[in-house]
K.L.:
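Structure provided below as structure tokens; questions to follow.
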Amino acid sequence: MDTNSFFINRPTAEIARDLLGRTLSFDNGQEILSGTIVEAEAYVGVKDRAAHSYNGRRSQANEGLYRAGGTLYIYSQRQYFFFDVATQKEDEPQGVLIRAIEPETGIETMIKNRHGKIGTLLTNGPGKMMQAFGITSRKWDLHRLEDSPFAIDLNNKKDIEKIIALPRVGVSQADPYWAKKNLRFIVSGNPYVSDIKKKDIKENHGFILTNN
DNA sequence: TCGCGGATAGACT
DNA sequence: GTCTATCCGCGAG
């Protein structure tokens, strides 16, 4: 499957949901850092009170959302960076925020980048994930996914036991309708999901184990 | 295990 | 000056 058909022509919420279980990787020039996406949020355009593009807001800061699906929208907030992929056609400013991954390769480097943090603290939040990758600038903002060191494997995905939809994290509560809307998708039971309770963690991390 | 507040930096009014 | 699509450490229970 190519980037265009994946990120365009179906609802952004469906795209966010479909990203769960897929591998996100970053080539830092030395090695590949990667992990399985376990949490993603959908931001659905100018009508979405919680989106950066709400009410048509557009500037150099959020230009990426207005580009065609498959374009990276990387921005900073406080001292952290965030990884979004634009969805839908050009000038339809929707996108998905990848919030958490379960690390697969390059874990030792991620620990260094995270200043010694280990385990779930490595990547269980959007700012933490980018810090684990070693991202310190908006260099790849506005680049196409396929023309960047980032990659998402659109041809394979892990079998997930159960996906849950929840309200998004940290969004404006000014409009209860959008604040409560279930546009955050998680792999139920995975320990790398942000703010998951210990009692909700499952031994299989929410994935169906395939044999051989 | 929880809730709270401080740190911290860029964008916008 | 105000507001974040956050993170972390601290103190109470």
K.L.:
Using a heavy-atom cut-off of under 4.0 Å over every strand shown, decide if A:R49 touches base, sugar-phosphate, or nothing.
P.N.:
nothing
K.L.:
Does the side chain of A:K117 get closer than 4.0 angstrom to OP1 or OP2 of C:dC7 through an N or O atom?
P.N.:
no
K.L.:
Among side-chain atoms of A:T12 and A:T87, is any donor-acceptor pair under 3.5 angstrom?
P.N.:
yes
K.L.:
Given atom CG of A:D175 and atom C1' of C:dA5, what is their separation to the nearest angstrom?
P.N.:
16 Å
K.L.:
Relative to the ring of A:F150, is the ring of A:F83 parallel (under 30°), tilted (30 to 60°) or perpendicular (over 60°)?
P.N.:
tilted
K.L.:
Heavy atoms under 4.0 Å, any strand shown: does A:L65 hit a base, just sugar-phosphate, or nothing?
P.N.:
base
K.L.:
Is DNA chain B part of any stem, that is, at least 3 consecutive Watson-Crick or G-U pairs with both distances under 3.5 Å, and where?
P.N.:
B:1-7 with C:6-12, B:9-12 with C:1-4
K.L.:
Classify the ring geometry of A:F82 against A:Y75: parallel below 30°, tilted from 30° to 60°, perpendicular beyond 60°.
P.N.:
parallel
K.L.:
For A:S194 and A:E39, test the side chains for any donor-to-acceptor distance below 3.5 angstrom and give the result as yes or no.
P.N.:
yes
K.L.:
Do A:D91 and A:R67 pass the side-chain contact (heavy atoms from CB on, under 4.5 Å) test, and can you show the C-alpha distance, the side-chain angles, and the key distance before you say yes or no?
P.N.:
CA-CA 6 Å; A:D91 291 330; A:R67 300 293 177 89; over 6 Å; no
K.L.:
For the base of C:dA5 and the side-chain ring of A:F82, does the geometry meet a stacking cutoff of under 5.5 Å between centres and under 30° between planes?
P.N.:
no
K.L.:
Between the protein and nucleotides 5-13 of chain B, list the N/O to N/O atom pairs that are separated by less than 3.5 angstrom.
P.N.:
unit_1, atom_1, unit_2, atom_2, d
B:dC12, OP1, A:S59, OG, 2.4

